[in-house]
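Below: one structure, written as structure tokens.
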Amino acid sequence: MPEVSRFFGIVISMYFDDHWPPHFHARYGESDAVIAIESLGTLRGALPGRARDLVVEWATEHRDELMANWARARDRKPLRKIAPLR
């Protein structure tokens with residue numbers, strides 16, 4: 001699963017040719033969640049509260065880039081790195 005960003009111990013990844021709706025995977029320690037790009041709702045799994053807040057803040061800032069990577073992944077093209085949360 002290609003990593004697109006990493007910040008504060010959180011790893012953001014996307015699978016190639018993954019299922020709908022458009023989403024990304026966020027991993028923090030032993031926790032893992034699948035987050036919808038449009039709504040930023042959790043589709044599966046869970047993250048600790050503060051990690052979830054950081055992921056939502058980051059994804060809000062980079063929603064267009066996430067959607068572009070989703071389209072690239074669906075076309076099996078290399079994904080682009082997205083700047084971490086600062």
Side-chain angles (χ1 to χ4, degrees):
M1 172 168 37
E3 180 180 311
V4 296
S5 193
R6 180 185 293 255
F7 51 91
F8 303 118
I10 300 165
V11 178
I12 306 294
S13 305
M14 289 182 155
Y15 286 107
F16 288 100
D17 201 27
D18 210 349
H19 61 86
W20 288 86
H23 64 276
F24 61 90
H25 298 254
R27 209 171 54 242
Y28 179 71
E30 299 296 316
S31 301
D32 189 11
V34 177
I35 310 293
I37 296 170
E38 186 173 308
S39 69
L40 299 179
T42 302
L43 300 174
R44 186 176 68 243
L47 295 171
R50 180 69 179 135
R52 172 103 174 69
D53 292 347
L54 291 170
V55 167
V56 169
E57 180 181 346
W58 173 84
T60 299
E61 293 176 13
H62 298 286
R63 192 175 270 138
D64 291 342
E65 293 164 277
L66 285 164
M67 285 305 296
N69 264 346
W70 176 263
R72 292 180 69 76
R74 298 291 294 174
D75 291 339
R76 297 192 173 275
K77 293 181 180 174
L79 303 184
R80 296 193 171 119
K81 294 287 185 183
I82 300 174
L85 186 65
R86 299 186 196 283

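In this text, all values refer to a predicted model and were calculated from it rather than measured experimentally.
- Phe16 and Pro2 get closest at one heavy-atom pair: CE1-CG, 3.1 Å.
- In summary, of the residues considered (Leu47, Val11, Ile12), a side-chain contact (heavy atoms from CB on, under 4.5 Å) with Arg27 occurs for Val11 alone.
- At a threshold of 4.5 Å between side-chain heavy atoms, the hydrophobic network of Ile, Leu, Val, Met, Phe, Trp and Tyr places Phe8 and Val56 in one connected group.
- Although no hydrogens or angles enter the test, the distance criterion places a donor-acceptor pair under 3.5 Å between the side chain of Arg63 and the main chain of Ile37.
- You'll find the side chain of Arg74 reaches within 4.5 Å of the side chain of Trp20, heavy atoms only.
- Side chain of Thr42 to main chain of Ile35: no donor-acceptor pair is present (N/O by atom type, distance under 3.5 Å, no hydrogens or angles).
- To the nearest 0.5 Å, the span separating OH on Tyr15 from CG on Leu79 amounts to 13.0 Å.
- Residues Arg6 and Pro84 form no side-chain contact, since every pair of their non-hydrogen atoms from C-beta on lies 4.5 Å or further apart.
- In this pair, Trp58 and His62 present their aromatic rings tilted. The plane angle is within the 30 to 60° band.
- Scanning both residues, Ala26 and Val55, for their nearest heavy atoms gives CB-CG2, 4.1 Å.
- Within 6.0 Å of CG in Asp75 there are more than 12 heavy atoms belonging to other residues, nucleotides or ligands.
- Side-chain atoms of Trp70 never come within 3.5 Å of backbone atoms of Met14 as a donor-acceptor pair (strictly under, hydrogens ignored).
- In the hydrophobic clustering of ILVMFWY residues, with side-chain heavy atoms under 4.5 Å counting as a link, Leu43 and Leu66 come out apart.
- Grouping the Ile, Leu, Val, Met, Phe, Trp and Tyr side chains by contacts below 4.5 angstrom, directly or via other members, places Phe24 with Met67.
- With values rounded to the nearest 0.5 angstrom, His23 atom NE2 is found 12.0 Å from Ser39 atom OG.
- Applying the 6.0 Å contact sphere to CZ of Phe7 captures more than 12 heavy atoms from other residues, nucleotides or ligands.
- Judged purely by atom type and a 3.5 angstrom limit, Lys81 uses its side chain to pair as donor or acceptor with the backbone of Glu3.
- Looking at every heavy atom in both residues, Ala83 comes nearest to Ser5 through O-OG, 3.6 Å.
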Determine, step by step, whether Arg52 and Ser31 satisfy the side-chain hydrogen bond (donor to acceptor under 3.5 Å, both in side chains) criterion, reporting the C-alpha distance in whole Å, the side-chain angles of both residues, the deciding distance to 0.1 Å, and the verdict. CA-CA 10 Å; Arg52 172 103 174 69; Ser31 301; over 6 Å; no
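- No single ILVMFWY cluster, assembled from side-chain heavy atoms under 4.5 Å apart, contains both Val34 and Leu40.
- Of the possible donor and acceptor atoms, one in the side chain of Asn69 sits under 3.5 Å from a partner among the backbone N and O of Arg80.
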